[in-house]
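Sequential numbering from 1 along the given sequence is applied to the chain's residues. Side chains are part of it too, since the values below use all heavy atoms of this structure and drop only hydrogens, waters and symmetry mates.
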Amino acid sequence: MTDTVLLFKRYPFIPGQKLHIEDGPRKGDWVVTAVDEKKVGLRCPVSGIKVSWDRFCYFVEERAADV
């Protein structure tokens, strides 16, 4: 039997990257300020607000998997 499986992985952020999160509580424009194994530091380029969040996952792909 084959099911569809969604694959997620941590994005390899690099300090200085600019990103836009399209939805959810973190939505908006951000600049990556710091990255470690557990946290990612972001700064809003408009308000200057700095946050540190647990690293979060991103959708990578959907594929068929035999189960």
Side-chain angles (χ1 to χ4, degrees):
M1 180 166 103
T2 301
D3 280 339
T4 300
V5 177
L6 302 176
L7 302 175
F8 292 81
K9 66 180 177 178
R10 291 186 308 175
Y11 186 81
F13 290 114
I14 298 171
Q17 282 180 314
K18 295 178 182 177
L19 57 126
H20 178 79
I21 299 174
E22 294 209 3
D23 61 3
R26 298 173 173 153
K27 71 180 175 182
D29 294 323
W30 298 96
V31 176
V32 178
T33 59
V35 181
D36 66 25
E37 192 60 31
K38 295 186 178 187
K39 299 281 187 179
V40 60
L42 302 174
R43 178 182 49 81
C44 174
V46 176
S47 68
I49 292 174
K50 293 181 181 179
V51 295
S52 179
W53 286 321
D54 289 341
R55 302 258 315 247
F56 38 99
C57 295
Y58 289 85
F59 175 74
V60 175
E61 67 179 286
E62 181 177 334
R63 72 169 91 151
D66 292 327
V67 292

With no hydrogens and no angle check, is any side-chain donor or acceptor of R10 less than 3.5 Å from a backbone partner on E37?
yes

How far apart are the C-alpha atoms of D54 and K39, what are their side-chain angles, what is the distance that settles it, and do they pass the side-chain contact (heavy atoms from CB on, under 4.5 Å) test?
CA-CA 4 Å; D54 289 341; K39 299 281 187 179; 2.8 Å; yes

Distance from F8 atom CZ to F56 atom CZ, nearest 0.5 Å?
13.5 Å

Residues P15 and V35: closest non-hydrogen pair is CD-CG2, 4.2 Å

Smallest separation among heavy atoms of I49 and W30, with atom names:
O-CZ3, 4.1 Å

Check the hydrophobic clustering (I, L, V, M, F, W, Y; side-chain heavy atoms under 4.5 Å; chains of links allowed) and say if I21 and V31 are grouped together.
no

With a 3.5 Å distance limit and no angle check, can you tell me whether R55 reaches the backbone of P12 through a side-chain donor-acceptor pair?
no

Do side-chain atoms of T33 reach the backbone of R43 as a donor and acceptor pair under 3.5 angstrom?
no

Taking all non-hydrogen atoms of both residues into account, name the closest pair between Q17 and I14 and its distance.
OE1-N, 2.8 Å

Start with the C-alpha distance between L19 and V32, add both sets of side-chain angles, then the distance that settles side-chain contact (heavy atoms from CB on, under 4.5 Å), and finish with yes or no.
CA-CA 8 Å; L19 57 126; V32 178; 3.3 Å; yes

